[in-house]
Amino acid sequence: MKLNVINTDRAFDYGYLLKRIWPYIRPVMFRIIIGFALAIPLGLLDGATAFALKPYIDVVINNKPYVFKTFELTRDLLVVVIPWAIMLFAVIQGVLKYANSYLTDWISIKISNSVKEDLFKKLIYLDSKFYDENTSGLVISRFLSDPDTASKNVVESIKTLITAFTGSLGLVAVLLYNSWKLAFVGVIVLVCAFIPVSLIRKRVKKVSNASMVVGSGMTTNVNETYHGNKIISGYCLQEDIYTKFTTQIRELFTLSMSLTKRAGWLSPIMYFIASIGIAIVMMVGNHLIITGEMSTGSLASFITSLLLLYKPVKTLGSTLTSMQNIFVSMNRVFELFDLQPEIRDKENAKELKGIENNLTFENVFFEYIENKPVLKGVSFEVKKGEMLALVGNSGGGKSTIVNLIPRFYDIKSGSIKIDGEDIRDFSLKSLRNHVSEVFQDNFLFSGTIKDNILMGKKDATEEEIMEVVRAAHLDDFIDTLKDGINTVIGERGTTLSGGQRQRVAIARAMIKNAPILILDEATSALDNKSEAIVQKALENLIKGRTVFVIAHRLSTIKNADKIAVINDGQLVELGTHNELMQIPNGQYKYLYEMQFARNEVEV
């Protein structure tokens, strides 16, 4: 699946989204309920000041009698109580706000981390084709950024909506208490202010998806700059890379401003509609005061409440707009959860116990891109303990053949069998536990040399580790290091030379002790001295194993039990070195003599 192709049909199917996010909400539901419970008084306290204005103006300022139910409030009492009550409410509101914010952050981060954990588990089990089709930036964006946007912000947004909503209810209650006639006018006007929010959903969805694609391109650009810094410097590509990045920045700016252009008018319109309501309220209120239906304090309290409604109205508007983006991200997250690796265990898959007789390719066809075959009817047999060398022109399909053995990819037709049983009948784990690989550019993980070796066998003893260190000719090198085998090698093993990285990879393969070994151009990138050392290590590694080797130097595979010449996806010659050299005008003979002649010229 290509991650830049997004299905947005369910981005605003709220029932579907809630059902999918519920397993992550349920474990923290108790804390969510507490947070929502705190949000209610937090919002209601907004109306306390407005409510206090009526008795304060009527009694304290205008010296009118004020009876609350059956209790008469005196001027001397209110002069003292109201200011202190307002300060007390502010303190209570501050404590509630702190507790609510802490609780909300805890819940949001917990949900976000749970989603990331499950997404990362999904990511590491996806097959090679997925990584072929998607850039690193796109993968990072979809698997890290979207979960943050979707899950980390959703609780905060809901809490904000509850606080704003309850705050609005408290203020509306104050409006009704002062004058139901004016309250009717004010509430109708404010409801109208929310109508524009529903008009921007599709635009948010479109811009959010486009921004994700551009943002992931920027991440890829930075990632490639980090890993390809020598190429960039060596080929003087700085200006080209910079131009590419600035183009992406401008494209992202255009998308952001496109959304602002269409959504930015929401706030001014909402304010304008609300101001119309206030103007109407003031005119009607003046009439009610003149006719004696309303006191000055009631009107002041009413207008203050209406003005305070600006805050929750603005909050509700911006939060609802923000939630549109959250829903889009949430939809993208669940789309990732629905990904299924193309290569997976069949039902009732068997456990591979070992290789007893042979491994065979039987009329194998394979293609990376539909209708563009890479392998065309390849058939051969490798007996247990034999070495098969694969040679031929670049791009002919040699690496593809060895990548099919551990099922990094699956064939289109034909079969690959171990002891007569199709490898697709075995579980992936048991199959891959029987295969070790040493590539041309072996990936080493950040950590120590020992950490990387132990990836071949996590429970290896110290004796086993030192045995493979010696067999891989790593001991002389390790002895020169201050921390020895516990030396940290940095990301991708960049602090090691090419030969040293290869020997660590060989030690990793040795300690795994798998019966099938794949060597894909394992010495091609090394100088003669390093190659000689690595070759000795490889000789120790191949003992007693069924070996598939791809080598560009044909002199290194002369002693292979079989040599297969692969050109344009077809097996054109198969035999020992001596047998292939006897074929008149044979392709192996031509390649060998051409390489031999070139070596003589170099000497």
Side-chain angles (χ1 to χ4, degrees), residues 355 357-366 374-406 411 414 416-418 435-440 502 506 509 514-526 531-532 534-600:
I355 176 169
N357 298 308
N358 58 15
L359 188 152
T360 59
F361 274 56
E362 298 178 4
N363 198 31
V364 169
F365 284 81
F366 174 78
V374 176
L375 297 182
K376 309 164 188 174
V378 173
S379 299
F380 58 78
E381 176 190 15
V382 180
K383 293 180 180 178
K384 179 182 179 181
E386 285 188 340
M387 177 193 289
L388 173 70
L390 298 165
V391 301
N393 294 332
S394 179
K398 303 184 296 298
S399 293
T400 297
I401 287 174
V402 297
N403 281 330
L404 294 177
I405 296 171
I411 60 178
I416 303 171
K417 295 180 178 179
I418 294 178
V435 183
S436 292
E437 302 91 7
V438 180
F439 301 108
Q440 177 181 351
Q502 290 298 80
I506 290 169
I516 300 171
L517 174 64
I518 294 171
L519 304 174
D520 189 354
E521 302 276 14
T523 62
S524 63
L526 305 178
E531 182 182 11
V534 171
Q535 197 65 47
K536 290 179 182 178
L538 289 174
E539 288 171 5
N540 291 329
L541 176 60
I542 65 179
K543 290 176 182 176
R545 292 181 170 84
T546 304
V547 182
F548 294 80
V549 57
I550 299 173
H552 74 295
R553 297 179 186 174
L554 302 187
S555 58
T556 62
I557 48 93
K558 285 173 61 177
N559 297 323
D561 297 288
K562 292 178 183 176
I563 299 172
V565 182
I566 309 294
N567 279 338
D568 297 324
Q570 294 179 309
L571 176 62
V572 294
E573 292 174 4
L574 180 65
T576 65
H577 170 77
N578 291 332
E579 289 170 348
L580 296 181
M581 290 299 290
Q582 299 303 315
I583 300 175
N585 300 318
Q587 293 198 31
Y588 176 79
K589 182 179 180 180
Y590 170 75
L591 289 171
Y592 187 83
E593 290 178 344
M594 182 176 66
Q595 195 172 99
F596 185 75
R598 184 169 64 245
N599 290 342
E600 282 191 331

Check your understanding: Within the side chain of N567, is there an N or O that forms a donor-acceptor pair under 3.5 Å with the backbone of N393?
Key -> yes

Check your understanding: NZ of K558 to CG of L580: how many Å apart, nearest 0.5 Å?
Key -> 13.0 Å

Review point. Just how far is it from atom OG1 of T360 to atom NZ of K383, taken to the nearest 0.5 Å?
Key: 12.5 Å

Exercise for review: Taking the side chain as every heavy atom from C-beta outward, state whether V378 and Q570 have any atom pair closer than 4.5 Å.
Suggested key: no

Point to revise | N357, CG atom: more than 12 neighbouring heavy atoms under 6.0 Å | key: yes

Review point. Under 4.5 Å between any side-chain heavy atoms of I583 and N585, yes or no?
Key: no

Point to revise | side-chain contact (heavy atoms from CB on, under 4.5 Å) assessment of L574 paired with V565 | key: CA-CA 6 Å; L574 180 65; V565 182; over 6 Å; no

Exercise for review: Would you please classify the geometry between the H577 ring and the Y588 ring as parallel, tilted or perpendicular, with 30° and 60° separating the classes?
Suggested key: perpendicular

Check your understanding: With distance as the sole test, does K562 use its side chain to make a donor-acceptor pair with the main-chain N or O of E381 at under 3.5 Å?
Key -> yes

Study note, to complete from the structure: CZ of F548 to CG of N403, rounded to nearest 0.5 Å, is 12.5 Å

Practice item. May I ask you to test the L388-V549 pair for a side-chain heavy-atom distance under 4.5 Å? Key: no

Check your understanding: Do you see a donor-acceptor pair shorter than 3.5 Å between the side chains of S379 and N363?
Key -> no

Practice item. From the options D520, I550, I563, T400, select the one residue that forms a side chain to side chain contact (heavy atoms under 4.5 Å, CB included) with L390. Key: I550

**Study point:** Value rounded to 0.5 Å, distance of CD1 in I506 from CG in L519
**Key:** 8.0 Å

Review point. Is it true that a side-chain atom of E579 and a backbone atom of T576 form a donor plus acceptor pair closer than 3.5 Å?
Key: yes

Review point. Under 3.5 Å, side chain of R545 to main-chain N/O of G385, donor-acceptor pair present?
Key: no

Check your understanding: Side-chain contact, heavy-atom cut-off 4.5 Å: L541 with S436?
Key -> no

Exercise for review: Can you measure from CG (L359) to CD1 (I418) and round to the nearest 0.5 angstrom?
Suggested key: 5.0 Å

Check your understanding: Atom CZ of F366 and atom CD1 of I401: how far apart are they, to the nearest 0.5 Å?
Key -> 11.0 Å

**Study point:** Within-4.5 Å side-chain heavy-atom neighbours: V402 and F439
**Key:** no

Check your understanding: What pair of heavy atoms forms the shortest contact from A509 to V438, and how long is it?
Key -> CB-CG2, 3.9 Å

Check your understanding: Taking all atoms of both residues into account, what is the closest heavy-atom pair of G397 and V374, and its distance?
Key -> CA-CG1, 4.4 Å

**Study point:** Shortest non-hydrogen contact from K384 toward I355
**Key:** CD-O, 3.2 Å

Exercise for review: Answer yes or no: is there a side-chain heavy-atom contact under 4.5 Å between I566 and V391?
Suggested key: no

